[in-house]
Amino acid sequence: MARQSGGRKKKSAFSGLSVVASAVLLFMVALPTFITLAVGLLPSMVAFMFDRSQGRTMARCIFGLNFSGVAPYIMELWQQGAQTVGLATQQIFQPVALSIMYGAAGLGWLLYLAMPPIVANVLNLSAQRRVSELRKKQRGLIKTWGDSLIKEIDRSGG
């Protein structure tokens with residue numbers, strides 16, 4: 001994180017206190033929505049607690065897909081008109097609903113684990129292609145200027 005003068009860490013806009021305040025407000029205003037979010041986003045909460053890396057990339061990846069698994073059930077809850085705790089608990093204790101919510105979080109884990117090797121391979125292929133292009137240009141220069149250019153460069157130490 002960026003440091004302010006005095007050696008203190010700069011606070012992010014999405015601090016733990018703002019999350020707790022939002023959760024309390026949501027609990028007071030829309031309890032069924034809070035229940036669905038609390039149960040459905042458990043994998044994301046665990047990921048945020050244990051991910052200490054810079055930028056929390058693992059937790060963000062898991063949260064994005066986990067929330068996409070929870071969102072249809074939140075929308076269904078909101079479209080029913082009157083939000084009831086019974087409907088929320090009925091929703092979240094359906095095995096299919098929990099499988100979708102937690103399965104989406106599992107896909108976030110897989111995406112987080114699979115992307116670094118894929119990116120490394122793409123960068124490696126790009127570097128190999130660049131090397132082959134430079135070798136081709138080098139052969140063209142040698143063809144134009146001759147081998148004496150290489151000998152001159154070797155003698156000068158460059």
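Below, all heavy atoms of this structure are taken into account, side chains as well, without hydrogens, waters or symmetry copies.
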(request) Identify the two heavy atoms, one from Pro72 and one from Ser68, that lie closest to each other, and give their separation to 0.1 Å. (result) CD-O, 3.3 Å

(message) For the CZ atom on Arg60, are there more than 12 heavy atoms of other groups (residues, nucleotides or ligands in this structure) within a distance under 6.0 Å?
(response) no

(request) State the CD-CD distance between Glu76 and Gln79, to the nearest 0.5 angstrom. (result) 8.0 Å

(request) Give the minimum heavy-atom separation between Tyr73 and Ile100, together with the two atoms involved. (result) OH-CD1, 3.2 Å

(request) Please say whether more than 12 non-hydrogen atoms of neighbouring residues, nucleotides or ligands are located less than 6.0 Å from CZ in Arg130. (result) no

(request) List the atom of Met49, the atom of Arg52, and the distance in Å for their closest heavy-atom pair. (result) O-NH2, 3.1 Å

(request) Could you walk me through whether Glu133 and Lys137 pass salt bridge (charged side-chain N to carboxylate O under 4.0 Å, His left out), step by step? (result) CA-CA 6 Å; Glu133 289 174 359; Lys137 285 183 180 180; over 6 Å; no

(message) For the CG atom of Leu111 and the CE atom of Met58, what is their distance to the nearest 0.5 Å?
(response) 13.0 Å

(request) Indicate the atoms forming the closest heavy-atom contact of Ala97 with Gln91, along with that distance. (result) CB-O, 3.3 Å

(request) For side chain to side chain contact (heavy atoms under 4.5 Å, CB included), just list the numbers for Ile62 and Phe48, CA-CA rounded to whole Å, side-chain angles, deciding distance to a tenth of an Å, and then say yes or no. (result) CA-CA 9 Å; Ile62 293 169; Phe48 270 106; over 6 Å; no

(message) Would you say Leu37 ends up clustered with Met75 if hydrophobic residues are merged whenever their side chains have heavy atoms under 4.5 Å apart, either directly or through other cluster members?
(response) yes

(request) Give the minimum heavy-atom separation between Ala114 and Pro117, together with the two atoms involved. (result) O-CD, 3.2 Å

(request) Test side chain to side chain contact (heavy atoms under 4.5 Å, CB included) on Leu65 and Trp109 and set out the steps. (result) CA-CA 9 Å; Leu65 286 170; Trp109 271 102; over 6 Å; no

(request) Check for a donor-acceptor pair, side chain of Asn66 on one end and backbone N or O of Met101 on the other, with a separation under 3.5 Å. (result) yes

(request) Find out if a path of hydrophobic residues (ILVMFWY) with successive side-chain heavy-atom gaps under 4.5 Å connects Ile118 to Leu113. (result) no

(message) Are the side chains of Gln128 and Leu125 in contact, using a 4.5 Å heavy-atom criterion?
(response) yes

(request) Give a yes or no on this: more than 12 heavy atoms of other residues, nucleotides or ligands lie within 6.0 Å of atom CZ of Phe67. (result) no

(message) Set out, in order, the CA-CA distance, both residues' side-chain angles and the distance that settles side chain to side chain contact (heavy atoms under 4.5 Å, CB included) for Leu41 and Phe63, then state yes or no.
(response) CA-CA 8 Å; Leu41 294 178; Phe63 174 75; 4.0 Å; yes

(request) Indicate if Val39 and Leu31 have the same hydrophobic cluster label, given that clusters are the connected sets of ILVMFWY residues with side-chain heavy-atom separations under 4.5 angstrom. (result) yes

(message) Does Gln94 form a side chain to side chain contact (heavy atoms under 4.5 Å, CB included) with Leu98? I'd like the steps, not just the answer.
(response) CA-CA 6 Å; Gln94 292 175 354; Leu98 283 177; over 6 Å; no

(request) Would you confirm whether Thr36, through its side chain, and Pro32, through its main-chain N or O, come within 3.5 Å as a donor-acceptor pair? (result) yes

(message) Grouping I, L, V, M, F, W and Y whenever their side-chain heavy atoms are under 4.5 Å apart, do Phe93 and Ile74 come out in a common cluster?
(response) yes

(request) Find out if a path of hydrophobic residues (ILVMFWY) with successive side-chain heavy-atom gaps under 4.5 Å connects Phe50 to Leu42. (result) no

(request) Give, for atom CG of Leu107 and atom SG of Cys61, the distance between the pair rounded to the nearest 0.5 Å. (result) 10.0 Å

